[in-house]
Each structure stands twice: as structure tokens, then as C-alpha cells.
Amino acid sequence: MENKERPVDFIREIIREDLKNDKYDGMVHTRFPPEPNGYLHIGHAKSICLNFGIAGEFNGLCNLRFDDTNPTKEEVEYVESIKRDVSWLGFDWQEREYYASDYFENLYEYAVELIKKSKAYVCDLSSDEIREYRGTLMEAGKESPYRNRSVEENLDLFERMRKGEFPDGSRTLRAKIDMKSGNINMRDPVMYRILHAEHHRTGNKWCIYPMYDYAHCFSDSIEGITHSICTLEFEDHRPLYDWFLDQLGVYHPQQIEFARLNLSHTVLSKRRLIQLVQEGNVRGWDDPRMPTLSGLRRRGYTPEAIRNFCDRIGVAKRDSTVDMALLEFCLRENLNKRSQRVMAVLKPLKLVIVNYPEGQPEEQPENQVEELDAINNPEDPSMGTRKIPFSRVLYIEQDDFREEPPKEFFRLAPGREVRLRYAYFIKCVDVIKDKNGEIIELHCTYDPATRGGDSPDRRKVKATIHWVSASHSIEAEARLYDHLFAVPSPGEDFKKDLNPKSLEILLSCQVEPYLAHAKPGDIYQFERQGYFCVDPDSSGGKLVFNRATTLRDTWAKIEKRLK
RNA sequence: UGGGGAGUCGUCCAGUGGUAGGACGGCAGACUCUGGAUCUGCUUACAGGGGUUCGAAUCCUCUCUCCCCAGCCA
């Protein structure tokens, strides 16, 4: 991870300043605080890279803390997936795996102290009444009739809340701040609610649970966090964050807010993602079309590509939507350097080399076969070469032949010569069609002098196309993905913006035999086409590939323009 | 009409009183056994009006636009 005098973002600037002023004894301690109520997505990756990245750069630490204060929404399945995703991304929280629920006892004691200081009270208003009393954005709220209970009564009531003497929703513990504040968060916010629900870690030990604003600041404080980095929508919670800490005079981290990531052609809100999963618009949280980390991983995205992306998008305070093209660029950039090249024909068209020797029928019932050398990765010679079988009957890509080619089309056409990658120059001499007029086979001649792909007479061809030997290739399935949404910014009614063509399945692709032992998760470049990742659905010798992304495709652009 | 934020190329990010720059995208070209990769060039931006100043994207001021907040969610 090179860090060439890249401009520093405003958060790192604040931290540098704090370090200079010795604000936290030279310490930098951040945290990534997900709520385990869903899977992590690329937006979380931005936050993970920020928090862990800063800790790494400033010789500090970053905790993984599960913000699990709402037992009705949280599950261990999510805890597990979050841990898997964070470490897959390449970050290590060491032994610092914390849970807000670990602090329930401390939090309770802090609440008792606030009651004793007359800074909190038990309120008997119903949730509807609380809303009424809260006022609106324009009008001040009014004080709860329970606001001035005695300390003793509050202490007694709060203890009985904990003991389970009251039903859900009957009472809350509220902070006593200011019902007339322009900041609605300061209008006596609820600190604790009664919830007789089983918590994924504390079981039935508690029936009162702290609210985010109350739990988060103290959790940060307990862990000795220096910089509590969160997203913009918490900006007007900061006065409350500060208020709680100040009332008790405990260690006080500083909250800093940045703009969350928005990505074009997708959605990044847990509510919407969970809806897509539950309503079957995708095949699950890890559907390769999903912007979740598990989806991106299955699709073929690498941690390096995602980290690089997070690095490039920067950190600022203005709302923005990053173009999906940048994410794709980061993937190509990474995969170009590291991926094994291979030839695979997605939409096969049979091609017979009519002047190629047929071999001895008794020993080789099919054709003569020869082995040709192919480079595994032109970007990395250390990856070596491999042998690929060549014979009389091949498959090429349907798109690589045009009976009536436009001027800009360089590939195979009647009478035209092209190169078969790493093999020979061939010339199309005949086009075979079925009774419907569909092209079913091409007859070509080859030039034996061009073996390996070079012509001794320096004659040029305008195109090189990929191919596989029909009798050696392996049948495979390919899943081609496009944007999940057809528009850059899905609207309020986002499901109507879903891209109906986000998935195209090709069942009879032919791939070179080198792929016989490919394993789920392996990523290859199918030459001239894109990067493909072996899907876990591959089984029983049947390979399934996910197209992570296409190669840049100049011809596709020209073709689009021609239409 | 309350409170909190934000406005710089199509997109994202820099620039913090001294010629507005980078990346992605787009366009054009070079090169090429991937129409890939690589390389080169081009394109386009300081929300608006007033001020301060020799000089303003940067400072002051007024206006406009956009985002967030009325969960016993986080």
C-alpha cells in the first residue's frame, strides 16, 4: 500500500493536530462499531478501511465492537458474517472483539448515577405520548408530567424496571435535558426501554436495553477510544454524545462525522438490501449482484481491489455518489496484474480446419492433436506458460464471426484471415447453415507456417481470436452480471428500477482443459472477455463461473455507436 | 417558519490569499499475438450577488440550492 504524497483527508488532519497538541497522550484508538443486524456492504468497507487504516497509519489500535443493544433485530449469524468479512478485507482486531452488551452492567450503574444527579428520570408516558410531548421540528416540546419525580422514586422505579416488574413499553428512563431545544435529540431522549426479549449474548439476563445514544458514547469512553468516527446523520447527535459524558465527567472521546458512501446503480441501505433478499429479487446476501462484501467476494472482487477503491474515493463531508465504474476499474487494475489467463468460449460456434491432417484413424479416432504454448500472464512472466491442445475441430466465439462485417469489424469473415491465439493464422473458406439459415459451422484453412501465431513473411492480420479444441474442451456454465439497477440512482420506489437483465446465464460454454481442477473462489481472466470467478455452485465436475467484470471493450463501444 | 451540515470538471477527491490539479469516465491517437494491458493528447468545474485586497475557490456579507433530524432503530 504505497502512500505517495496523497492529500490527507480532514479526519487525518484533525488527528495530526491532536497528536501535535498531545491531546490524548499521543494515542490514536478507533473502532468499527457495526450493529449485527445485517451483512456488511461496500459502504461499511469505507468505514472499516478508514478506522483500521487510521489506526495502522498512526501506530494506534482499532477495535471491532458490535453495537448490540437491540435484541429484537440482532443475530449471531450476522456477528459471524461481519467477522468473516472484516478479516477477509484484510484487517485484524486481534483480541479486541467487544460488544456493547458487555457493558450493560456498567451502563446500568452510569444510569443510576445520572438519576442521583437528577439528570435522568423514569417516565410513564406511552410511546405515542412521548411523541406528542416531543413537539415538532418547528414547535418546542413540553415537559413530561413525570419529569420531576424524586431521586428516590426514580431509583426505585428504575431498579424495578430492571427486575422485570413492568411490561414492555410501559416506562422508559429518560435524560433530563431540554424539551425546548431546537435539536430534537436533546428533548429528554430515551435512555432505556423495557424489552422482554432474548438477547443473542446476554440471553434473558436483561429486560431493559440502552438506546444507541446512551450506549455508544459510554462504550467509546470505556474502551478509551480517541476518535469516534461515524457518518453524517449522527452530526446532531454529537451534543448528546458530549452531554452524557460530561454529566459524569468520564473520559471523553471526540466524535467526528464523514459522508457515507453512495454507489451508482445499486442501493446501500440495510433496509433495502434486506428487502431484496427477503423478496427474492436476488438469491441471497451473497448474490454476486449484491454490493455486500459477501456478494462481491463471490462475484470475484478481491480485498485489494476494495481497499484500493476505498482509498481512491477519499473522505469528506459532502453527500456524493461514486460511479460504479471506479469500483470496476479498481478490480480490473488488480486482476490484470495477478490473474491467470485462459481461453474460454462463451457462445460456441463450431469451426473445422479443412486442410488440417486428420491423423491415423486406428490410433486417433478423432483428429491429429498438437500441443501449443500459451502464456499464463503477460503482466507477470514468473507465472510461466502452459500447453493447450489444438486439433481439427474447434469452437470459436459466435461474436467473432460476421458474415457481412461492418468496416470497423476486424474479426473473422468470409475470405478473411485472422489469428487463432497462440496457434495459427486461419482463413474462412465456407459458411455452413442449417435450413433456417442459421450459421452452424465455419470451414477454414490454416497456414502451417504460422504455427505459434507468428507469420514468417511478416504478414499481418487485424485480429486475434480465442478458441478451444472441441474434443478437449470442458463444458461450463457462465453467469454474466450487469448492474443490479438500470438507473444510476434508484428512486424512492427503488424496486421498479431493478435491471431486468442483471443476470444472463450461459449453460454451454466451452473452456480449455487447463480449468479442469479449478476451485471455487479461483479467479481467471477469460482472454478478451473478462474476469471470471469459480462459483461454489460448481460441483460434480460441472464448473460454474461468475463474471466479475468485463475487460474494457473497445469493440463493444463501436458496435453500440453503429446501432 | 426550528436545529445541524454541505455546495470545485459528467463523477469522486485536492487546492486553506498568488497561473484551479489528480483519479475515474468520455473522446482522439500510438503500440500490441487479448479491439486487453501500456503510453500520449484533448475535453469540461470554483452555486449566485455584493464587498475586503495589488490579487479571492480560499476572508466578510447577503441570497439560492441540496442533505439530515420529530424510533421506546442504529
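In this text, all values refer to a predicted model and were calculated from it rather than measured experimentally. In what follows, every chain begins at residue 1, and chains take the letters A, B, ... in the order their sequences are listed.
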Does B:A74 have OP1 or OP2 sitting under 4.0 Å from an N or O in the side chain of A:Arg271?
no
My understanding is that only one of A:Arg528, A:Lys347, A:His466 makes a side-chain hydrogen bond (donor to acceptor under 3.5 Å, both in side chains) with A:Glu397; could you say which?
A:His466
Residue-phosphate contact under 4.0 Å: A:Arg312 side-chain N/O, B:U11 OP1/OP2:
no
Between P on B:C12 and CZ on A:Phe10, what's the gap in Å once rounded to a whole number?
16 Å
Using atom C1' in both nucleotides, what's the gap between B:U40 and B:C31 to the nearest angstrom?
11 Å
Expressed in whole Å, how much space separates the C1' atoms belonging to B:G18 and B:C9?
22 Å
Which sits closer to the 5' end of RNA chain B, A:Gly135 or A:Asp454, going by the nucleotide each is nearest to?
A:Asp454
Just to be sure I understand the rule, does A:Met211 reach a base, reach only the sugar-phosphate, or reach nothing, if contact means heavy atoms closer than 4.0 Å?
sugar-phosphate
On the nucleotide B:C72, are OP1 or OP2 found under 4.0 Å from the side-chain N or O atoms that A:Ser126 carries?
no
Could you check whether A:Ile558 gets within reach of a base, just the sugar-phosphate, or nothing at all, counting any heavy atom under 4.0 Å?
base
Rounded P spacing from B:C64 to B:U53 in Å:
28 Å
Would you mind classifying the nucleic acid contact of A:Val315 as base, sugar-phosphate or nothing, using non-hydrogen atoms under 4.0 angstrom?
sugar-phosphate
Length of the line joining A:Leu195:CG and B:G71:C1', which is rounded to integer Å
12 Å
Can you find a donor-acceptor pair, distance only, under 3.5 Å between A:Glu379 side chain and B:G36 base?
yes
Euclidean distance for C1', B:U38 against B:U32 (whole angstrom)
9 Å
Whole angstrom value for the distance that separates C1' of B:C13 from CD of A:Glu13
14 Å
Can you check the distance between B:A45 and B:G22, where both ends of the measurement are the C1' atom (answer in whole Å)?
14 Å
Interatomic distance where OH belongs to A:Tyr133 and P belongs to B:C72 [whole Å]
15 Å
Would you say a side-chain N or O of A:Arg419 is under 4.0 Å from OP1 or OP2 of B:U34?
no
Rounding to an integer number of angstrom, what distance separates B:U43 and B:A28 when you compare their C1' atoms?
10 Å
Relative to the ring of A:His41, is the ring of A:His44 parallel (under 30°), tilted (30 to 60°) or perpendicular (over 60°)?
tilted
Would you mind classifying the nucleic acid contact of A:Phe409 as base, sugar-phosphate or nothing, using non-hydrogen atoms under 4.0 angstrom?
base
Under a 4.0 Å threshold between the charged nitrogen and the carboxylate oxygen, would A:Arg312 count as salt-bridged to A:Glu333?
yes
Have a look at A:Leu137 and say if it touches a base, only the backbone sugar-phosphate, or nothing, with a 4.0 Å heavy-atom cut-off.
base
A:Arg411 near the nucleic acid: base, sugar-phosphate alone, or nothing, with a heavy-atom cut-off under 4.0 Å?
base
To the nearest Å, how far apart are A:His237 NE2 and B:G4 C1'?
10 Å
Taking N and O atoms by type only, does the side chain of A:Arg332 place a donor or acceptor under 3.5 Å from a partner on the base of B:G36?
no
Base, sugar-phosphate, or nothing: which does A:Glu408 touch, judged by heavy atoms less than 4.0 Å apart?
base
Tell me whether the OP1 or OP2 atom of B:G2 has a side-chain N or O from A:Thr136 closer than 4.0 Å.
no
chi for B:G21 classified (syn = within 90 degrees of 0, anti otherwise) as anti
Considering the options A:Asp178, A:Asp188, A:Asp124, which one meets the salt bridge (charged side-chain N to carboxylate O under 4.0 Å, His left out) requirement together with A:Arg147?
A:Asp188
Please classify the nucleic acid contact of A:Phe410 as base, sugar-phosphate, or nothing, using heavy-atom distances under 4.0 Å.
base
Criterion ring-ring contact (aromatic ring centres under 6.0 Å, His included) against A:Phe104, the qualifying member of A:Tyr214, A:Phe218, A:Tyr209:
A:Tyr209
Would you call A:Lys20 and A:Glu17 a salt bridge, using N to O less than 4.0 angstrom?
yes
Cationic tip of A:Arg272 within the cone over A:Phe494's six-membered ring, i.e. under 6.0 Å and within 45° of the normal?
yes
Side-chain N or O of A:Arg318 less than 4.0 angstrom from OP1 or OP2 on B:C13?
yes
More 5' along RNA chain B: A:Arg341 or A:Thr172, using each one's nearest nucleotide?
A:Arg341
Under 4.0 Å between any heavy atoms, over every strand shown, what does A:Lys557 touch: base, sugar-phosphate, or nothing? Just pick one.
sugar-phosphate
With a 3.5 Å cut-off and just heavy-atom distances, do the side chain of A:Asp553 and the base of B:G35 make a donor-acceptor pair?
no
Below 4.0 Å: OP1/OP2 of B:U11 and any side-chain N or O of A:Ser264:
no
Applying side chain to side chain donor-acceptor pair (under 3.5 Å), can you list everything that pairs with A:Lys270, at least two apart in sequence or on another chain?
A:Asn37
Listed partners of A:His483 passing ring pair (Phe, Tyr, Trp, His ring centres under 6.0 Å), at least two apart:
A:His265
Name the nucleic acid region contacted by A:Leu125, choosing base, sugar-phosphate or nothing; use a 4.0 angstrom heavy-atom cut-off, strictly under.
base
Under 4.0 Å, counting only non-hydrogen atoms across every strand here, what does A:Arg134 touch: a base, just sugar-phosphate, or nothing?
sugar-phosphate
Contact under 4.0 Å: A:Arg131 side-chain N or O vs B:G71 OP1/OP2:
yes
Quick check on B:A70: is either OP1 or OP2 less than 4.0 Å from any side-chain nitrogen or oxygen of A:Arg187?
no
If I pick the P atom on B:C68 and the same atom on B:G29, what distance separates them, to the nearest angstrom?
44 Å
Pick base, sugar-phosphate or nothing for A:Asp236, based on heavy-atom distances below 4.0 Å to the nucleic acid.
base
A:Arg193 side-chain N/O to B:A74 phosphate OP1/OP2 under 4.0 Å
yes
Any base atoms under 4.0 Å from A:Thr72, or only sugar-phosphate, or nothing? Heavy atoms, all strands.
nothing
Would you say the side chains of A:Thr72 and A:Asn70 form a donor-acceptor pair under 3.5 Å?
yes
Nearest of B:G35, B:C24, B:C12 to any side-chain atom of A:Val322?
B:C12
Give one of base, sugar-phosphate or nothing for A:Tyr422, where a contact means two heavy atoms less than 4.0 Å apart.
base
Here the distance between atom P of B:C67 and atom CZ of A:Phe234, to the nearest Å, is 19 Å
Quick one: do A:Arg459 and A:Glu417 make a salt bridge, cutoff under 4.0 Å?
yes
Rounded to the nearest Å, what distance is computed from the CD atom of residue A:Gln525 to the P atom of nucleotide B:G36?
11 Å
Pick the P atom in B:G17 and in B:C60, then give their distance to the nearest Å.
12 Å
Contact check, side chains of A:Ile177 and A:Pro189, non-hydrogen atoms, under 4.5 Å:
yes
Under 3.5 Å for both pairing distances: what stems, at least three Watson-Crick or G-U pairs long, include RNA chain B?
B:2-7 with B:64-69, B:10-13 with B:21-24, B:26-30 with B:38-42, B:47-51 with B:59-63
Could you state the atom-to-atom distance from CG of A:Leu327 to C1' of B:G25 in whole Å?
14 Å
